[in-house]
Amino acid sequence: GMALDLVDGLSSAPTEHAAVLGVEELFRVLLAPRAVTFHLTPRDEGAAGGSPPTSSPLSAAQLAELRSRRFLPHDRAGGFWLSVRSRDLDVGVIEVEGVALPQHLDRYVNLALTIAPICALATNRARIAEELSAEVAEQTRVSRELRQRNAELLEAHERIKVLSGIVPI
């Protein structure tokens, strides 16, 4: 019910920020953790799988291990780190702290591993939608500016025609 609605909402998130909030809410609903934080990989580095997420407290070695294993136990009990990726696309890391039933942590991890690619694709789709929206806004601004300049040139041309009729050139 509610979890499916959240997944559906993720697929239409208009911005990266909205997708991040949606992913965090999905994890709150499914895992009932004390805290959940989505640490994003910077946009320009996600495809290369290069640098660590900007706000992630994990070391480079931990991130490398996380990328190969897809999850790591959290240093605090009842939590874990989850790699949010789909194929070669590294979107970020989700930090889950204090799940509701720590004795069933393996079930929580398996559920999280199942939905991680969906979260990665939804977040990336939102990034692309946001970038496209910015591109369209920029193209609209440039087009408006070109129309304005064209109108000014036509007006200047008309003035020159009027002046050349008065004063022979």
Side-chain angles (χ1 to χ4, degrees), residues 1-140:
M2 184 173 182
L4 286 176
D5 291 343
L6 289 170
V7 170
D8 190 45
L10 265 182
S11 66
S12 59
T15 63
E16 178 183 73
H17 182 69
V20 166
L21 294 177
V23 167
E24 290 177 343
E25 182 61 19
L26 179 62
F27 273 75
R28 275 192 284 279
V29 167
L30 292 175
L31 309 182
R34 184 174 61 254
V36 60
T37 309
F38 192 168
H39 304 278
L40 284 173
T41 299
R43 288 176 193 230
D44 55 343
E45 293 157 9
S51 74
T54 46
S55 62
S56 172
L58 291 173
S59 69
Q62 288 172 311
L63 277 168
E65 186 181 355
L66 177 60
R67 285 187 176 119
S68 66
R69 288 186 49 200
R70 296 178 41 211
F71 82 96
L72 287 175
H74 200 286
D75 53 359
R76 290 189 272 281
F80 57 93
W81 298 91
L82 177 73
S83 177
V84 183
R85 60 184 309 129
S86 178
R87 296 193 186 159
D88 295 336
L89 182 68
D90 180 12
V91 178
V93 172
I94 293 179
E95 178 181 8
V96 176
E97 299 178 64
V99 294
L101 302 170
Q103 65 272 29
H104 297 299
L105 189 61
D106 57 334
R107 292 181 189 171
Y108 289 111
V109 169
N110 284 330
L111 176 59
L113 287 168
T114 302
I115 62 173
I118 296 166
C119 296
L121 291 172
T123 303
N124 193 54
R125 192 214 61 80
R127 283 180 169 177
I128 292 168
E130 191 172 8
E131 289 167 3
L132 285 174
S133 179
E135 284 288 324
V136 167
E138 177 64 10
Q139 286 179 358
T140 301

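Scope of the values below: all heavy atoms of this structure, side chains included, with no hydrogens, waters or symmetry mates.
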Side-chain donor/acceptor of [X] to backbone N/O of [Y], under 3.5 Å:
| X | Y | value |
| --- | --- | --- |
| Arg85 | Arg70 | no |
| Ser68 | Glu65 | yes |
| Ser59 | Gln62 | yes |
| Tyr108 | Gly79 | no |
| Ser133 | Ala129 | no |
| Asn110 | Asp106 | yes |

**Study point:** SB check Glu130 Arg127 (cutoff 4.0 Å)
**Key:**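 Looking at Glu130 and Arg127, the cut-off is not met.
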Contact summary for [X] and [Y], nearest pair of heavy atoms:
| X | Y | value |
| --- | --- | --- |
| Ala116 | Ser83 | CB-O, 3.8 Å |
| Val93 | Leu63 | CG2-CD2, 3.9 Å |
| Leu58 | Leu66 | CD1-CD2, 3.8 Å |
| Pro33 | Val96 | CB-CG1, 3.8 Å |
| Ala122 | Ala19 | O-CB, 4.3 Å |
| Pro117 | Ser86 | O-CB, 4.2 Å |

Point to revise | Glu97 versus His74, side-chain donor and acceptor atoms under 3.5 Å | key: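 The answer is no; no qualifying pair exists.
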[atom1] of [X] to [atom2] of [Y]: how many Å apart, nearest 0.5 Å?
| X | Y | atom1 | atom2 | result |
| --- | --- | --- | --- | --- |
| Ile128 | Glu135 | CD1 | CD | 12.5 Å |
| Phe38 | Cys119 | CZ | SG | 7.0 Å |
| Thr123 | Ile118 | OG1 | CD1 | 11.5 Å |

Point to revise | From CA spacing to verdict: side chain to side chain contact (heavy atoms under 4.5 Å, CB included), Glu25, Val29 | key: CA-CA 6 Å; Glu25 182 61 19; Val29 167; 3.7 Å; yes
Check your understanding: Got more than 12 heavy atoms from elsewhere within 6.0 Å of NE2, His17?
Key ->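 No, because the 6.0 Å sphere around NE2 of His17 holds 12 heavy atoms or fewer from other groups.
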Review point. Would one find more than 12 heavy atoms of other residues, nucleotides or ligands at under 6.0 Å from atom CD of Gln103?
Key: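 Atom CD in Gln103 is packed in, count exceeds 12.
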Point to revise | Side chain proximity check, Arg69 to Trp81, heavy atoms < 4.5 angstrom | key: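 Arg69 vs Trp81: side chains apart.
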Point to revise | Val36: which of Val23, Leu82, Ile94, Leu26 passes side-chain contact (heavy atoms from CB on, under 4.5 Å) | key: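 By the side-chain contact (heavy atoms from CB on, under 4.5 Å) criterion, Val36 pairs with just one of Val23, Leu82, Ile94, Leu26: Ile94.
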